[in-house]
S.K.: 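There's a structure below that I have some questions on.
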Amino acid sequence: MLKKTKITLSILLMAVSIPSLAVNAQGQEPSSNEFNQYIKDAIEQEIQLAAPAAAKGISTLSNKDFDHSVDSLLEKGVLKQDTIQKIEKLQDAEVVILNIDQAGDLVEATSSKQGDIKDQFEKKVTDATYVNSDDSLENKNNGRRITLQSSLPNRGSSAGKETGAFHRLQTPASNSSIVYNGVMADSVVLPSYPIANAYGKGEAAYLYTGVDGVAEVGFEGVVSQQTPAGWYPVFHAKVLHNVNEGDDNGYSQPRSTDTTYTYRSKKFDGGATINGYKVFYYAGKSDEPTLTIREQINYSNIYVVKFNGLGTTGRSVKRVTAIAMNNAGSPNTSFSYGFNSPAIWNNMRFLINNSAGTKYPENVTNLSDDVWNHGGRIDYVKDSNHVEKYTFYKQ
């Protein structure tokens with residue numbers, strides 16, 4: 001039982017020897033208390049989804065009072081066994097804090113268990129993909145509902161069609177009535193995909209969650225000289241990149257780019273199941289004015305990405321399954337390689353009102369439901385248990 005093991009988060013984290021760190025973009029160093037707080041936030045989230053009234057605000061308590069509150073819930077039998085198991089895993093999760101500045105540069109990457117791990121991240125810069133601008137958000141589907149179907153036709157906003165095939169679900173902008181602040185799924189299954197062969201054609205597959213068009217986290221099929229072919233956690237920052245004369249890409253004017261950081265130490269194979277997938281931010285918190293996205297995977301890893309210079313007001317949230325294409329001849333040229341097994345989102349829903357509740361996509365009013373098959377075929381099946389399966393086929 002959790003009561004016997006006790007959370008004692010501060011002890012767990014203070015036992016880790018963290019080397020001296022460079023000051024981050026906000027002038028503060030990560031501390032055991034900061035890592036500790038993100039674990040408490042994650043545990044509160046799990047309790048809140050199981051017992052909303054019982055969980056509210058407990059992450060703001062001292063470590064001792066927090067432990068006491070969780071133990072009290074256990075004694076009262078409020079929490080089911082699966083929630084208890086999730087909490088037990090989260091209490092020993094590795095927390096990685098990343099600071100990305102306004103230029104899209106990774107200023108700092110610090111692990112609660114390893115210390116400075118900035119050298120474990122690989123950077124690449126590409127043109128922005130699958131991004132809805134403010135204008136494209138006006139091109140909605142008027143509440144189109146997802147239905148069971150074998151093949152997705154092109155529909156909705158085609159923003160991003162030049163750069164690949166995708167299915168993008170995006171909420172409206174948050175407002176005073178409702179805040180869309182994240183995505184969660186019981187599990188995500190990564191597709192089998194010929195990553196190295198696709199890379200040779202300038203293509204890559206993605207499953208990710210985005211906040212507006214400015215910040216995206218999820219998984220990408222990656223291969224490079226430093227990184228063996230596999231699926232890795234990736235973190236995107238869209239920036240207005242001021243390209244100077246002499247840059248490798250030869251442009252001199254500002255361009256909208258994605259700066260992507262791949263966490264090379266966390267590799268998954270095609271067909272792997274990621275349990276407890278959750279991506280969220282808090283909106284309107286006075287103590288957190290910077291857009292700070294948490295990503296949780298397998299209840300054992302929590303990534304905290306701070307996008308300095310970006311706020312939290314009026315944001316929308318999107319979920320994307322895609323194949324990116326750098327060398328497409330036209331928006332109708334098929335990708336070179338499809339999925340050999342499906343990408344699966346199991347019981348995916350949007351988090352609302354700072355994770356106080358959830359909404360399935362079909363219940364989101366004015367959901368933007370956009371598809372571009374880029375000359376290929378995207379087979380899609382959704383069953384009554386909200387299991388969504390995507391298979392991309394080359395035509």
Side-chain angles (χ1 to χ4, degrees), residues 94-101 103-131 163-164 166 188-211 213-239 241 248-249 257-272 274 277-279 293-298 300-307 319-327 337 339 343:
E94 178 183 27
V95 180
V96 174
I97 299 176
L98 295 87
N99 272 285
I100 297 177
D101 67 16
D105 291 327
L106 181 63
V107 177
E108 178 183 79
T110 313
S111 162
S112 61
K113 296 188 175 184
Q114 303 175 64
D116 183 0
I117 58 171
K118 186 177 176 183
D119 61 354
Q120 296 181 34
F121 287 82
E122 183 175 352
K123 176 182 178 180
K124 70 175 179 180
V125 178
T126 59
D127 289 346
T129 58
Y130 317 121
V131 172
T163 52
F166 59 86
V188 177
V189 179
L190 303 172
S192 295
Y193 177 69
I195 292 169
N197 290 341
Y199 178 80
K201 298 290 187 179
E203 299 174 3
Y206 292 86
L207 284 77
Y208 68 81
T209 296
V211 177
V214 298
E216 298 159 351
V217 300
F219 297 90
E220 178 186 353
V222 173
V223 64
S224 73
Q225 289 184 340
Q226 297 80 28
T227 307
W231 287 91
Y232 295 85
V234 294
F235 309 92
H236 299 256
K238 181 189 174 188
V239 296
H241 180 48
D248 290 343
N249 57 18
T257 61
D258 275 341
T259 303
T260 305
Y261 294 94
T262 301
Y263 187 22
R264 295 183 288 108
S265 296
K266 186 66 67 172
K267 176 179 176 289
F268 298 95
D269 295 325
I274 310 299
Y277 175 85
K278 187 185 296 182
V279 175
I293 296 178
R294 285 88 156 162
E295 179 183 26
Q296 174 185 301
I297 62 174
N298 286 330
S300 59
N301 296 91
I302 299 170
Y303 302 101
V304 180
V305 192
K306 299 179 181 181
F307 293 90
R319 188 210 68 184
V320 179
T321 308
I323 291 179
M325 304 168 64
N326 288 337
N327 302 317
Y337 297 94
F339 296 168

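Heads up: numbering here begins at 1 and tracks the sequence. All values derive from a computational prediction rather than experimental measurement.
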S.K.: With rounding to the nearest 0.5 Å, note down the distance linking OH in Tyr277 to CG in Leu207.
M.R.: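 Answer for the OH-CG pair, Tyr277 versus Leu207, is 8.0 Å.
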S.K.: Kindly write out the residues that satisfy side-chain hydrogen bond (donor to acceptor under 3.5 Å, both in side chains) with Asn298, not counting sequence neighbours, or none if the list is empty.
M.R.: none
S.K.: Side-chain contact, heavy-atom cut-off 4.5 Å: Ile297 with Phe268?
M.R.: yes
S.K.: Centres of the Tyr263 and Tyr232 rings: under 6.0 Å?
M.R.: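 Judged by ring-centre distance (under 6.0 Å), Tyr263 and Tyr232 do not meet the cut-off.
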S.K.: Just how far is it from atom NZ of Lys278 to atom CD of Gln296, taken to the nearest 0.5 Å?
M.R.: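 If I round to the nearest 0.5 Å, the distance is 5.0 Å.
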S.K.: In chain order, what residues pass the salt bridge (Lys or Arg N to Asp or Glu O under 4.0 Å) check against Lys123, with sequence neighbours excluded?
M.R.: Asp105
S.K.: May I ask you to test the Tyr193-Ile323 pair for a side-chain heavy-atom distance under 4.5 Å?
M.R.: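 Yes, side chains in contact.
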S.K.: For Lys267, does the NZ atom sit with more than 12 other heavy atoms under 6.0 Å from it, leaving out its own atoms?
M.R.: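 For Lys267, atom NZ is crowded (more than 12 foreign heavy atoms under 6.0 Å).
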S.K.: Any non-hydrogen side-chain atom of Val305 less than 4.5 Å from a side-chain atom of Glu295?
M.R.: no
S.K.: What are the two closest non-hydrogen atoms of Glu94 and Ser111, and how far apart are they?
M.R.: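 Taking Glu94 first and Ser111 second, the nearest heavy atoms are OE2-OG, 2.5 Å.
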S.K.: Determine all donor-acceptor pairs shorter than 3.5 Å in which one atom belongs to a side chain in residues 217-230; sequence neighbours excluded.
M.R.:
residue	atom	partner	partner atom	Å
Glu220	OE2	Lys124	NZ	2.7
Glu220	OE2	Tyr206	OH	3.2
Ser224	OG	Glu122	OE1	2.9
Ser224	OG	Glu122	OE2	2.8
Ser224	OG	Gln226	N	3.2
Ser224	OG	Gln226	OE1	3.4
Ser224	OG	Thr227	N	3.1
Ser224	OG	Thr227	OG1	3.3
Thr227	OG1	Glu122	OE1	2.5

S.K.: Only counting residues at least two apart or in another chain, list the ones meeting salt bridge (Lys or Arg N to Asp or Glu O under 4.0 Å) with Arg294.
M.R.: Asp41, Glu288
S.K.: By side-chain hydrogen bond (donor to acceptor under 3.5 Å, both in side chains), which residues pair with Thr262, not counting sequence neighbours?
M.R.: none
S.K.: Name the one of Thr321, Val320, Val234 that satisfies side chain to side chain contact (heavy atoms under 4.5 Å, CB included) with Tyr208?
M.R.: Val320
S.K.: From Leu98 CG over to Phe235 CZ, what is the distance, rounded to the nearest 0.5 angstrom?
M.R.: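 Atom-to-atom, Leu98:CG and Phe235:CZ are 5.5 Å apart.
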S.K.: Does Asp116 reach the main-chain N or O of Lys118 with its side chain, forming a donor-acceptor pair under 3.5 Å?
M.R.: yes
S.K.: Got Lys306 and Glu108 here, is their nearest side-chain heavy-atom distance under 4.5 Å?
M.R.: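 Sidechains of Glu108 and Lys306: no contact.
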S.K.: Going from CG on Leu106 to OG1 on Thr260, what distance comes out if it is rounded to the nearest 0.5 angstrom?
M.R.: 12.0 Å
S.K.: With sequence neighbours excluded, what pairs up with Ala215 under the side chain to side chain contact (heavy atoms under 4.5 Å, CB included) test?
M.R.: Leu291, Ile293, Phe307
S.K.: Roughly how far apart are Gln120 CD and Arg264 CZ, rounded to 0.5 Å?
M.R.: 7.0 Å
S.K.: With the side chain counted from C-beta on, respond yes when Ser112 and Ile302 share a heavy-atom pair under 4.5 Å apart, and no when they do not.
M.R.: no
S.K.: Contact between Ile195 and Trp231 at the side-chain level, heavy atoms closer than 4.5 Å - yes or no?
M.R.: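 Answer yes - side chains close enough.
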S.K.: For Thr259 and Gly104, which heavy atoms make the closest approach, and how far apart are they?
M.R.: CG2-O, 3.1 Å
